[in-house]
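Below is one structure, written out as structure tokens; the observations come after it.
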There are 2 protein chains.
Amino acid sequence: MANNLEKLKQVLVKEGLRFTCQREEVWKEILSSNEHRDADEIYHSLRKKAVSVSRATVYRTIDVLVKNNMVRKLDVGIGPNKFEHKMGIKHHDHIICMKCGKIEEFVVNQIEKLQKKVAEEYGFKLGRHNLQLFGICKDCQ
Amino acid sequence: MANNLEKLKQVLVKEGLRFTCQREEVWKEILSSNEHRDADEIYHSLRKKAVSVSRATVYRTIDVLVKNNMVRKLDVGIGPNKFEHKMGIKHHDHIICMKCGKIEEFVVNQIEKLQKKVAEEYGFKLGRHNLQLFGICKDCQ
DNA sequence: AATTTCTTTGAGACTCATTATCAATAAGGG
DNA sequence: CCCTTATTGATAATGAGTCTCAAAGAAATT
């Protein structure tokens with residue numbers, strides 16, 4: 001917790017940005033849940049707690065967090081992007097139900113390795129990747 | 001070619017839709033190129049050829065084609081979705097340059113297999129998937 | 001402490017891709 | 001050829017996200 005706040009402070013210094021209470025609140029809000037939430041959900045959750053913050057600031061802060069590897073942006077194929085913090089969480093991909101929108105996480109190390117190989121083959125310096133499986137979950141079948 | 005037109009006719013019958021010259025032109029336009037193009041590019045290409053069609057119809061037609069597995073929708077992470085026809089083309093994924101937007105295609109059978117295994121594991125009936133690698137290409141590094 | 005300089009914020013305007021609306025037009029069966 | 005129904009196109013609406021800019025806040029300078 002305190003560690004995570006420190007992390008934010010460090011990143012802000014590194015980026016030449018100021019530590020403000022809005023940025024702190026956004027970060028704490030994202031840390032407070034392991035759900036995949038979109039910017040608007042984060043914004044409303046903060047407003048419900050009477051935190052004074054605007055949508056624009058939520059988006060701006062998330063950008064900083066994503067750029068600095070503290071938050072992952074998830075393009076779930078439909079609707080707004082979702083976000084999840086990466087503190088103490090190891091890398092995973094997602095399998096998404098096309099009916100109910102349920103998102104499950106999975107890890108396949110071998111896929112990661114194959115991806116690196118592909119990138120090398122094509123002379124790309126690999127940044128992030130995006131792997132989603134879309135299907136119909138057990139409950140919806 | 002003639003085959004592909006037949007294919008369109010069949011699909012339209014199956015969907016209870018009519019065969020119109022707009023739908024035919026959109027389909028031919030998509031078939032005419034192996035590039036990854038967005039709806040607007042397809043629309044403008046048709047207009048340049050003096051084909052009378054609207055943006056709305058382009059989108060609507062593409063929807064039908066995607067639903068019937070004749071066209072693939074590509075979410076390239078930034079900007080509009082891109083489309084590519086699937087006639088005589090085998091499945092591949094994409095590696096995308098985050099600087100210049102260049103898209104290269106690759107095939108890794110093993111990844112496909114691993115994906116199927118994951119879906120099984122989680123009890124999902126696998127539909128499509130989405131695998132993009134984002135990086136910086138050789139030229140942009 | 002006051003002033004200056006620079007950053008951040010928030011409200012709302014704006015953008016871009018896509019979807020919805022709906023009157024006018026076109027297909028296709030009878 | 002007529003009639004019903006689907007389709008089209010122009011345009012409005014939507015949704016997610018970004019931009020703008022004046023006002024407020026921090027930091028540095030005097």
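Just so we're on the same page: letters track the sequence lines, and every chain starts at 1.
At distances below 3.5 Å, at least one donor-acceptor pair connects side-chain atoms of B/Q141 with backbone N or O atoms of B/I136. In this structure, A/W27 contributes its side chain and A/N4 its backbone to a donor-acceptor pair below 3.5 Å. Looking only at distances, no side-chain donor or acceptor of B/N68 sits under 3.5 Å from a matching main-chain atom of B/M70.
Taking 4.0 angstrom as the limit, B/R18 places none of its side-chain polar atoms (N or O) nearer than this to OP1 or OP2 of C/dA26. A close approach under 4.0 Å does occur between a side-chain nitrogen or oxygen of B/Y59 and OP1 or OP2 of C/dT18. A sub-4.0 Å separation between OP1 or OP2 of D/dG9 and a side-chain N or O of B/Q22 is present. Regarding contacts with the backbone of D/dA16, every side-chain N or O of A/N81 stays at 4.0 angstrom or more from both OP1 and OP2. Look at A/R23 and you'll find a side-chain N or O under 4.0 angstrom from OP1 or OP2 of C/dT9. Considering only side-chain N and O atoms, B/T57 lies nowhere under 4.0 angstrom from the phosphate OP1 or OP2 of D/dT7.
Side-chain proximity of B/R55 to the nucleotides C/dT18, D/dG17, C/dG12 is greatest for C/dT18. In this structure, the nucleotide among C/dT8, C/dG10, C/dT21 sitting nearest to the side chain of A/A56 is C/dG10. Distances from the side chain of B/S54 to the nucleotides C/dA11, D/dG9, D/dT7 place D/dG9 closest.
The base of D/dG17 does not come close enough to the side chain of A/R60 for any donor and acceptor atom to sit less than 3.5 Å apart.
For the pair B/F19 and A/T20, both in contact range of DNA chain C, the more 5′-proximal nearest nucleotide belongs to A/T20. Where B/G16 and B/S52 meet DNA chain D, the nucleotide closest to each residue was compared, and B/G16 sits on the side nearer the 5' end.
What separates CD of B/E41 from C1' of C/dT18 is a distance of 15 Å, to the nearest Å. Taking atom NZ of B/K9 as the reference point, atom P of C/dA27 lies 14 Å away to the nearest angstrom. Distance, A/E24 CD to C/dT9 C1': 16 Å, rounded to whole Å. Protein atom CG of B/L8 is 12 Å distant from nucleotide atom P of D/dT7, rounded to whole Å. A/K73 has its NZ atom 7 Å from the P atom of D/dG17, to the nearest Å. Separating the CD1 atom of A/I62 from the C1' atom of C/dT8 is a distance of 17 Å, rounded to the nearest angstrom. Taking atom NZ on B/K67 and atom P on C/dT19, their separation rounds to 12 Å, with Å as the unit. Between B/L12 atom CG and C/dA27 atom C1' the separation is 12 Å, expressed in whole Å.
A/V118 and B/I103 fall into different hydrophobic clusters, defined by Ile, Leu, Val, Met, Phe, Trp and Tyr side-chain heavy atoms under 4.5 Å apart, directly or through other members.
Two residues are said to be in side-chain contact when any heavy atoms from C-beta on lie closer than 4.5 Å; A/E35 and A/E41 fail this criterion.
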